[in-house]
Amino acid sequence: RNRTPRKRSPTPTRNPSVPPRKDSFLGTSSEPPSPGGAKPLYLSSPFADAALVKGNFKTIVMLPKYVDITEWVAVNMFDFYTNLNEFYGVLTEVCTQHNCPTMSGGPTLNYVWANPGGKQIILPAPTYIDTVLSSVQNLLEDENVFPTKSSTYPIIYYFESLAQLTCLTDQPFNPVFPSTVKHIYRQLLRVFAHIYHAHFHHLLNLRAEPHFNSLFAHFLAFGREYELLDVKDIKGDPSAPVGVGLLWERWKESGILV
């Protein structure tokens, strides 16, 4: 088993006064091409329904027989990080401090970063995302948090939720693993939210929306199945809703998510 992620390249730096190249396949617009008050493209047909996987995602996220839930969660979190990192990598040309001065996740929602002292800081989206992805990579590479060596302990297979992991003593994962994974999940969700809100039209230019929608639906289904997703994180506050909260509701109504 090897879950060691590939090293991330630092987010490319760009002069804020210099716009993206005019010949860019991502386009030159820094704002979603929808007038104020109009429905976002990611909530509009056919884009909202574009996917590589048809049907319900629950069958994909169910714990396979004879697999330890900690291993299953760890491997999936590594895959979500890797795939999201790849998508963001192709958007760094347009996700710049000039185009994205805040970490927006909805029309009235801007995420803030909390420093080690607890002070909330407003960061440009590329700085925020690079900080998130770098910190997640460090956790994935930490053997004390995400061990990659096979366990010498007997494996117990009967779990109903990730919360039950805290009751185990003979297992190779750190007791803080459940809370660490929830923190990672919440931060990755914010990256998804920003990409949908600010860069979905760029994904359309790449014809990548079926791939990204499938990744996000898989991510949400997994979070619900293993109690990683808090409803407040996907819906937000009434005064500052998360843009993708409506996409989550749409997919639940259509049966893609439960």
Engineer: Determine yes or no for a side-chain-to-main-chain donor-acceptor pair under 3.5 angstrom, with Asp142 supplying the side chain and Asn138 the backbone.
Structural biologist: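 Checking the backbone N and O of Asn138 against the side chain of Asp142, no donor-acceptor pair under 3.5 Å is found.
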Engineer: Do Met103 and Ile129 come within less than 4.5 Å of each other through their side chains, counting heavy atoms only?
Structural biologist: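 SC-SC contact between Met103 and Ile129 confirmed.
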Engineer: At what distance, to the nearest 0.5 angstrom, does CG of Leu188 lie from NE2 of His183?
Structural biologist: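 Answer for the CG-NE2 pair, Leu188 versus His183, is 9.5 Å.
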Engineer: Please tabulate, for the side chains in residues 107-116, all donor-acceptor contacts under 3.5 angstrom to protein atoms that are two or more places apart in sequence or on a different chain.
Structural biologist:
unit_1: Thr108; atom_1: OG1; unit_2: Ser239; atom_2: O; d: 2.9
unit_1: Asn110; atom_1: OD1; unit_2: Thr102; atom_2: OG1; d: 2.6
unit_1: Asn115; atom_1: OD1; unit_2: Gly117; atom_2: N; d: 3.0
unit_1: Asn115; atom_1: OD1; unit_2: Gly118; atom_2: N; d: 3.0
unit_1: Asn115; atom_1: OD1; unit_2: Lys119; atom_2: N; d: 2.8

Engineer: Distance from Glu209 atom CD to Tyr196 atom OH, nearest 0.5 Å?
Structural biologist: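 One finds 9.5 Å between CD of Glu209 and OH of Tyr196.
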Engineer: Could you check whether any side-chain N or O of Asn76 sits under 3.5 Å from a backbone N or O of Trp72, counting only pairs where one atom can act as donor and the other as acceptor?
Structural biologist: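 Flag set: sc Asn76 to bb Trp72 pair under 3.5 Å.
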Engineer: Can you tell me if Glu225 uses its side chain to pair, donor with acceptor, with the backbone of Lys58 under 3.5 Å?
Structural biologist: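 Not at all, since once roles are kept as given, no pair shorter than 3.5 Å links the two residues.
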Engineer: Where do Met77 and Leu228 land on the side chain to side chain contact (heavy atoms under 4.5 Å, CB included) test, with the steps shown first?
Structural biologist: CA-CA 11 Å; Met77 292 306 297; Leu228 303 175; 4.2 Å; yes
Engineer: With salt bridge (charged side-chain N to carboxylate O under 4.0 Å, His left out) as the rule and sequence neighbours excluded, what pairs involving residues 245-258 come up?
Structural biologist: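 Listed by first then second residue: Asp49-Arg250, Lys235-Glu249, Glu249-Lys252.
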Engineer: Can you confirm if the aromatic rings of Phe177 and Phe146 lie within a centre distance of less than 6.0 Å?
Structural biologist: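 So the answer is yes for these two rings.
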Engineer: Mind checking whether Phe200 and Asn213 have side chains closer than 4.5 Å, heavy atoms only?
Structural biologist: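 When only atoms from C-beta onward are counted, Asn213 and Phe200 do touch, with a gap below 4.5 Å.
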Engineer: Provide the full list of salt bridge (charged side-chain N to carboxylate O under 4.0 Å, His left out) pairs with a residue in residues 97-106, sequence neighbours left out, each pair given once.
Structural biologist: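 Sorted pair list comes back empty.
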Engineer: Between atom OG1 of Thr92 and atom NE2 of His199, what is the distance when rounded to the nearest 0.5 Å?
Structural biologist: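 One finds 10.0 Å between OG1 of Thr92 and NE2 of His199.
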Engineer: Mind checking salt bridge (charged side-chain N to carboxylate O under 4.0 Å, His left out) for Arg190 and listing every partner two or more places apart, or none if nothing turns up?
Structural biologist: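 None.
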Engineer: Ile184 versus Val132: any side-chain heavy-atom pair under 4.5 Å?
Structural biologist: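 Not touching, per the 4.5 Å side-chain cut-off.
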Engineer: List for me each residue that meets side-chain hydrogen bond (donor to acceptor under 3.5 Å, both in side chains) alongside Gln187, sequence neighbours excluded, and say none if there are none.
Structural biologist: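 For Gln187, the residues satisfying side-chain hydrogen bond (donor to acceptor under 3.5 Å, both in side chains) (neighbours in sequence not counted) are Tyr128.
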Engineer: Could you pull out all residues at least two apart from Phe87 that satisfy ring-ring contact (aromatic ring centres under 6.0 Å, His included)?
Structural biologist: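 By the ring-ring contact (aromatic ring centres under 6.0 Å, His included) rule, Phe87 matches Phe212.
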Engineer: Assess the residue pair Val145 and Asn174 against the criterion (side chain to side chain contact (heavy atoms under 4.5 Å, CB included)); give the C-alpha distance rounded to whole Å, side-chain angles, the decisive distance to 0.1 Å, and a yes or no.
Structural biologist: CA-CA 6 Å; Val145 182; Asn174 194 297; 5.5 Å; no
Engineer: Do Ser254 side-chain atoms and Trp251 backbone N/O form a donor-acceptor pair below 3.5 Å?
Structural biologist: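 Between the backbone of Trp251 and the side chain of Ser254 there is a qualifying donor-acceptor contact (under 3.5 Å).
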Engineer: Ignoring hydrogens and angles, tell me if any N or O in the side chain of Thr82 forms a donor-acceptor pair with the backbone of Phe78 under 3.5 Å.
Structural biologist: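 Pair found, side chain donor or acceptor close to backbone of Phe78.
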Engineer: Starting from Phe222, can I reach Val67 by hopping between I/L/V/M/F/W/Y residues whose side chains sit under 4.5 Å apart?
Structural biologist: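 Val67 and Phe222: one cluster.
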Engineer: Answer whether the closest heavy-atom distance between the side chains of Phe216 and Asn83 falls below 4.5 Å.
Structural biologist: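 No; the side chains remain at least 4.5 Å from each other.
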Engineer: Determine whether Asp230 and Lys182 satisfy the following criterion, side chain to side chain contact (heavy atoms under 4.5 Å, CB included), listing intermediate values before the conclusion.
Structural biologist: CA-CA 9 Å; Asp230 288 334; Lys182 289 197 71 171; 3.6 Å; yes
Engineer: With a 4.5 Å heavy-atom cut-off, do Cys95 and Pro126 have their side chains touching?
Structural biologist: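 Yes, their side chains come closer than 4.5 Å.
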Engineer: Do Lys54 and Ile256 come close enough that some side-chain heavy atom pair is under 4.5 Å?
Structural biologist: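 Result no, sub-4.5 Å side-chain heavy-atom pair not found.
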Engineer: Check whether Asn56 reaches the backbone of Gly255 with its side chain - one donor and one acceptor, N or O, closer than 3.5 Å.
Structural biologist: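 The answer is yes, because a donor-acceptor pair under 3.5 Å joins these two groups.
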Engineer: Just to verify, which of Phe192, Phe80, Phe219, Tyr226 counts as forming a ring-ring contact (aromatic ring centres under 6.0 Å, His included) with Tyr185?
Structural biologist: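 Exactly one option meets the ring-ring contact (aromatic ring centres under 6.0 Å, His included) with Tyr185, and it is Phe219.
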Engineer: Which distance, rounded to the nearest 0.5 Å, do you find between the CD1 of Ile234 and the CZ of Arg186?
Structural biologist: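 The CZ atom of Arg186 is 12.5 Å from CD1 of Ile234, to the nearest 0.5 Å.
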Engineer: Nearest 0.5 Å, please: how far is CG in Leu215 from CG in Leu52?
Structural biologist: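 CG of Leu215 is found 10.0 Å from CG of Leu52.
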Engineer: Find out whether Leu257 and Arg224 are in side-chain contact, i.e. whether some heavy atom of one side chain is under 4.5 Å from a heavy atom of the other.
Structural biologist: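 Sidechains of Arg224 and Leu257: no contact.
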Engineer: Using modelled atom types only, decide if a donor and an acceptor are shared between the side chain of Ser104 and the backbone of Cys100 within a distance under 3.5 Å.
Structural biologist: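 Pair absent, no side-chain N/O of Ser104 close to backbone of Cys100.
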Engineer: To the nearest 0.5 Å, how far apart are CG in Leu91 and CG in Leu203?
Structural biologist: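 Spacing of CG (Leu91) from CG (Leu203) equals 5.5 Å.
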Engineer: Apply side chain to side chain contact (heavy atoms under 4.5 Å, CB included) to residues Thr127 and Gln97 and explain how you reach the verdict.
Structural biologist: CA-CA 8 Å; Thr127 304; Gln97 294 187 21; 3.9 Å; yes
Engineer: Of the non-hydrogen atoms in Ser214 and Phe57, which two are nearest, and what is the gap between them?
Structural biologist: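 Taking Ser214 first and Phe57 second, the nearest heavy atoms are O-CE2, 3.5 Å.
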